[in-house]
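Keep in mind that what you see is a predicted model, and the values were worked out from it rather than measured.
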Amino acid sequence: MAGRFPPRPRAPYGAPYGTSAGTPCPDTRPDPTGARTFRAATRAAAAARPETLARSRTWTPPYPADLGLILGVLRRGPGDPAFRLTRDRAVWRASRTPVGPATLRVTLRAGRAEATAWGPGADWFLDRLPELLGAADTPEAFTPRHRLVADSARRATGLRLTRTGLVLESLIPSVLEQKVTADEAYRAWRRLLTRHGEPAPGPAPERMAVMPDPRAWSLIPSWEWHRAGVDDKRAATILRAVRLHSRLERAATLPPEKAAALLEAVPGIGPWTSAEVVQRTHGAPDAVTTGDLHLPGTIGYALTGDRTTDDAAMLELLAPYAGQRHRAARLILLAGRVPPRRTPKMPYSDISRL
């Protein structure tokens, strides 16, 4: 009966058998069945599986590179299970590649990129390391037309547009960000990956996860979408996308304009979402985001002091940067000149409580 006897002191979790609170002692139990030996051997064998062995590559970019500026756009909030920045200034990514899940760790030392990858998709990751770090980008085609943009470009010399080649990885979190606050979208992405993804291969930081495969996305029950704060419209868009995943992933091989058109053929995906995707999958320098709540006002305020700028006026301001409008927008945002807040922050609406 609960409460009849005083509780027995408990040893810390993970302490050897025979250890009580405050009185540590060695584990002297016999192991007649060899259970402990078998478990240790199983762990060693798991660590030696080909998909968990580390593969490495070193590549020296022929330009100054900044990992934060290049790869930071792939991070979906501070708690993103698929992205981690550790204290040693290493960037960790967990992705589902066309050949399976993989974990990538990248550091920059003395201008040299050192990458290590684990999992079935490790070689796929390492083969595309230069493109991931912006080798396919052409910033030399960009000419600043405003003093603010020129100053920002001079400070952000390590900015390059990444190219991941992974469509669903960018599409699904972009759909989650439709018509909601960033905090709500980040919470949904974090919960869905944590509960329905799989642990990142290799010695990844704690709680890193690879996003579910298309079948696993399709099997997520309706109440789990609700608990993640995702309404039926966004959930339905994601389910339509994963059913078409083979066709949509081929969009990575198309020019950005054709890839955006292919994405927008899926109901629920519009210009805002397609631009957010091709910016990451293709490193598209001209894929400016339209339909955003804050971007037009931020660009208008930074260039002209007018915080009421709409999409049409924003595109007019960016017209001198034709072919490089997305890069110009990135540099304007990096300048940090944003309009002062006049209204309270949009309230957080948690539909999972309904």
For residues [X] and [Y], determine if any side-chain heavy atom of one lies less than 4.5 Å from a side-chain heavy atom of the other.
X: Val338; Y: Tyr301; result: no
X: Gln324; Y: Pro144; result: no
X: Leu159; Y: Arg330; result: yes
X: Arg327; Y: Leu161; result: yes
X: Arg84; Y: Arg75; result: no
X: Asp66; Y: Arg160; result: no
X: Pro205; Y: Thr86; result: yes
X: Asp80; Y: Tyr186; result: no

Closest heavy-atom pair and its distance - [X], [Y]:
X: Pro201; Y: Gly119; value: CB-CA, 3.7 Å
X: Gly229; Y: Arg187; value: N-NH1, 3.8 Å
X: Val288; Y: Met314; value: CG2-CE, 4.2 Å
X: Ala122; Y: Ala102; value: N-CB, 3.8 Å
X: Ala313; Y: Thr309; value: CB-CG2, 3.5 Å
X: Gly111; Y: Thr60; value: O-CG2, 3.6 Å

Supply the atom-to-atom distance [X] [atom1] to [Y] [atom2], rounded to the nearest 0.5 angstrom.
X: Asp311; Y: Asp292; atom1: CG; atom2: CG; value: 8.0 Å
X: Leu176; Y: Leu192; atom1: CG; atom2: CG; value: 6.5 Å
X: Leu67; Y: Thr107; atom1: CG; atom2: OG1; value: 7.5 Å
X: Leu129; Y: Leu104; atom1: CG; atom2: CG; value: 6.5 Å
X: Ile269; Y: Glu276; atom1: CD1; atom2: CD; value: 13.0 Å
X: Leu74; Y: Arg76; atom1: CG; atom2: CZ; value: 8.0 Å

Can you list, pair by pair, the side-chain donor-acceptor contacts under 3.5 Å of residues 253-266, counting residues two or more places apart and other chains?
{"from": "Thr253", "atom 1": "OG1", "to": "Arg250", "atom 2": "O", "distance (Å)": "2.6"}
{"from": "Glu264", "atom 1": "OE2", "to": "Ser274", "atom 2": "OG", "distance (Å)": "2.7"}

Practice problem: State, without any angle test, whether Thr181 and Glu184 hold a side-chain donor-acceptor pair at a distance under 3.5 Å. | Solution: yes

Practice problem: Tell me yes or no: between the side chains of Thr308 and Asp306, is some donor less than 3.5 Å from an acceptor? | Solution: yes

Exercise. Apply side chain to side chain donor-acceptor pair (under 3.5 Å) to Thr273 and Gln178, showing your working.
Key: CA-CA 8 Å; Thr273 305; Gln178 294 176 351; 2.7 Å; yes

Quick one: does any side-chain atom of [X] pair with a main-chain N or O of [Y] as donor and acceptor, under 3.5 Å?
X: Thr162; Y: Gly134; answer: no
X: Arg163; Y: His282; answer: yes
X: Arg307; Y: Gly297; answer: no
X: Ser95; Y: Thr97; answer: no
X: His245; Y: Arg215; answer: no

Quiz item: Under the criterion side chain to side chain donor-acceptor pair (under 3.5 Å), which of Arg93, Arg96, Arg280 is the partner of Glu169?
Solution: Arg93

Any ring-ring contact (aromatic ring centres under 6.0 Å, His included) involving [range]? Give me the pairs, sequence neighbours left out, ordered by first then second residue.
range: residues 71-103; value: Trp92-Trp118
range: residues 149-182; value: none
range: residues 122-155; value: Phe142-Tyr321, His146-Tyr321

Quiz item: Do the charged groups of Asp286 and Arg325 touch, with an N to O distance under 4.0 Å?
Solution: yes

Quiz item: Do NZ/NE/NH1/NH2 and the carboxylate oxygens of Arg55 and Asp123 come within less than 4.0 Å?
Solution: yes

Exercise. For side chain to side chain donor-acceptor pair (under 3.5 Å), just list the numbers for Gln279 and Thr289, CA-CA rounded to whole Å, side-chain angles, deciding distance to a tenth of an Å, and then say yes or no.
Key: CA-CA 9 Å; Gln279 288 168 7; Thr289 303; 2.8 Å; yes

Practice problem: State whether the number of non-hydrogen atoms from other residues, nucleotides or ligands found under 6.0 Å of Arg155 atom CZ is greater than 12. | Solution: yes

Quiz prompt | Audit row: Leu295, Leu333, side chain to side chain contact (heavy atoms under 4.5 Å, CB included) steps and yes/no | solution = CA-CA 9 Å; Leu295 184 63; Leu333 294 178; 4.0 Å; yes

Self-check item: All pairs passing salt bridge (charged side-chain N to carboxylate O under 4.0 Å, His left out) where residues 99-115 contributes a residue, at least two apart
Solution: Asp88-Arg105, Arg109-Glu114, Arg112-Glu114

Is it the case that one hydrophobic cluster holds both [X] and [Y], taking links as side-chain heavy atoms less than 4.5 Å apart, direct or via other members?
X: Leu331; Y: Ile70; answer: no
X: Val91; Y: Leu69; answer: no
X: Leu171; Y: Leu193; answer: yes
X: Leu166; Y: Met211; answer: no
X: Trp272; Y: Val175; answer: no

Taking distance alone, no hydrogens or angles, what donor-acceptor pairs closer than 3.5 Å link side-chain atoms of residues 235-243 to residues at least two apart or in another chain?
{"from": "Thr237", "atom 1": "OG1", "to": "Lys233", "atom 2": "O", "distance (Å)": "3.0"}
{"from": "Thr237", "atom 1": "OG1", "to": "Arg240", "atom 2": "NH2", "distance (Å)": "3.4"}
{"from": "Arg240", "atom 1": "NE", "to": "Pro267", "atom 2": "O", "distance (Å)": "3.1"}
{"from": "Arg240", "atom 1": "NH2", "to": "Pro267", "atom 2": "O", "distance (Å)": "3.1"}

Self-check item: side chain to side chain contact (heavy atoms under 4.5 Å, CB included) assessment of Arg147 paired with Ser152
Solution: CA-CA 9 Å; Arg147 183 184 299 275; Ser152 181; over 6 Å; no

Exercise. Evaluate side chain to side chain contact (heavy atoms under 4.5 Å, CB included) for Thr157 paired with Tyr63, printing each intermediate quantity in order.
Key: CA-CA 9 Å; Thr157 55; Tyr63 49 81; over 6 Å; no

Quiz prompt | Leu168 and Glu249: CA distance, side-chain angles, deciding distance, side chain to side chain contact (heavy atoms under 4.5 Å, CB included) verdict | solution = CA-CA 7 Å; Leu168 280 187; Glu249 287 293 353; 3.4 Å; yes

